[in-house]
Protein chains: 2
Amino acid sequence: MTPEITIGELAGRSGVPHSALRFYESQGLIHSRRTTGNQRRYVRATLRRVAFIRAAHHLGIPLARIGEVLALLPSDGAPTREFWERASQCWSADIESRIDRLERMRDRFTRCAGCGCLSFDGCALLG
Amino acid sequence: MTPEITIGELAGRSGVPHSALRFYESQGLIHSRRTTGNQRRYVRATLRRVAFIRAAHHLGIPLARIGEVLALLPSDGAPTREFWERASQCWSADIESRIDRLERMRDRFTRCAGCGCLSFDGCALLG
DNA sequence: CTGGAACCTCAACCGGGCTTGAGGTCAAGC
DNA sequence: GCTTGACCTCAAGCCCGGTTGAGGTTCCAG
């Protein structure tokens, strides 16, 4: 059987502070059962859920969007391989476009560095 | 002669709202003279200063850092070509590193999508 | 000279992603 | 049974880059 874990254990194993975990819960990203004494108990799958949240967040995905996709899982479910793949497809486009945007900026930046134009009409950087 | 401009004109020509301009001023990024009636008057060079601010901000540079480099200019000075070049050298490294970081993430993301691991010990995404 | 647009200040608020603190409760080891 | 540490809630605060609004003043055209 898989025993439940406390918030302290979850924090310790995931490296995410209690406060953040409670915040995630308040935002509906993770869920807990309460003991008779009103303390949180998490199923072990929550560890993977938190891992997923951190990984996605690390990629710059806002918590709200992470919550949207996590909502597609059962509340006690860990992200499966298929799930991760779908999220990946969904978000890799995001990452690509952010890379493109940065690269375009870099190019404009270096181009503009030479011209010193910075006019609101003509400068590509201001678009 | 080059007449001074009001905050309304500055807002209109730069496309930046009054409120943001006043905020920039409060943060020391731009400066104004006051009329006897306490209204702001900007030298025309401020237009370029604002352009510089927006361009740099567009690149993800925080206002505070933009302020640091603008502080090297006389308070009524527009960014010159040399100035822009120095800022460019200073910041293009920033942009490069941000691109690198994103690319590494993208790679990890696609690698991880297949494995579905997401373990705190082994998953590269969680570093 | 007057009306209305443009300007002024100051304070409060927004969203995102939390942290910190006060004040109180629960659970486990001795 | 008692102590101690882990836990609880709720509210407030922080940083960033501003926006919004109230209440008041200035400028300019007619």
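Below, chain A is the first sequence line, B the second, and so on; all start at residue 1.
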Can you check whether [X] reaches [Y] side chain to side chain, under 4.5 Å on heavy atoms?
X	Y	value
R34(B)	Q39(B)	no
L21(A)	T46(A)	no
F52(A)	I66(A)	yes
L70(A)	I30(A)	no

Check: Roughly, in whole Å, what's the span from CD1 in I30(A) to P in dG17(C)?
Finding: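 Atom CD1 in I30(A) sits about 15 Å away from atom P in dG17(C).
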Check: Between dG16(C) atom C1' and I66(A) atom CD1, what is the distance in whole Å?
Finding: 12 Å
Next item on the list: Mark up nucleotides 3-18 of chain D, 5' to 3', with B wherever a protein heavy atom is under 4.0 angstrom from a base atom, S wherever such an atom reaches only the sugar-phosphate, and - elsewhere.
Entry: ----SSB-------BB
Notebook entry, point to check: Is there a donor-acceptor contact under 3.5 Å from the side chain of R44(B) to the main chain of I5(B)?
Noted result: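 No: the side chain of R44(B) does not pair with the backbone of I5(B).
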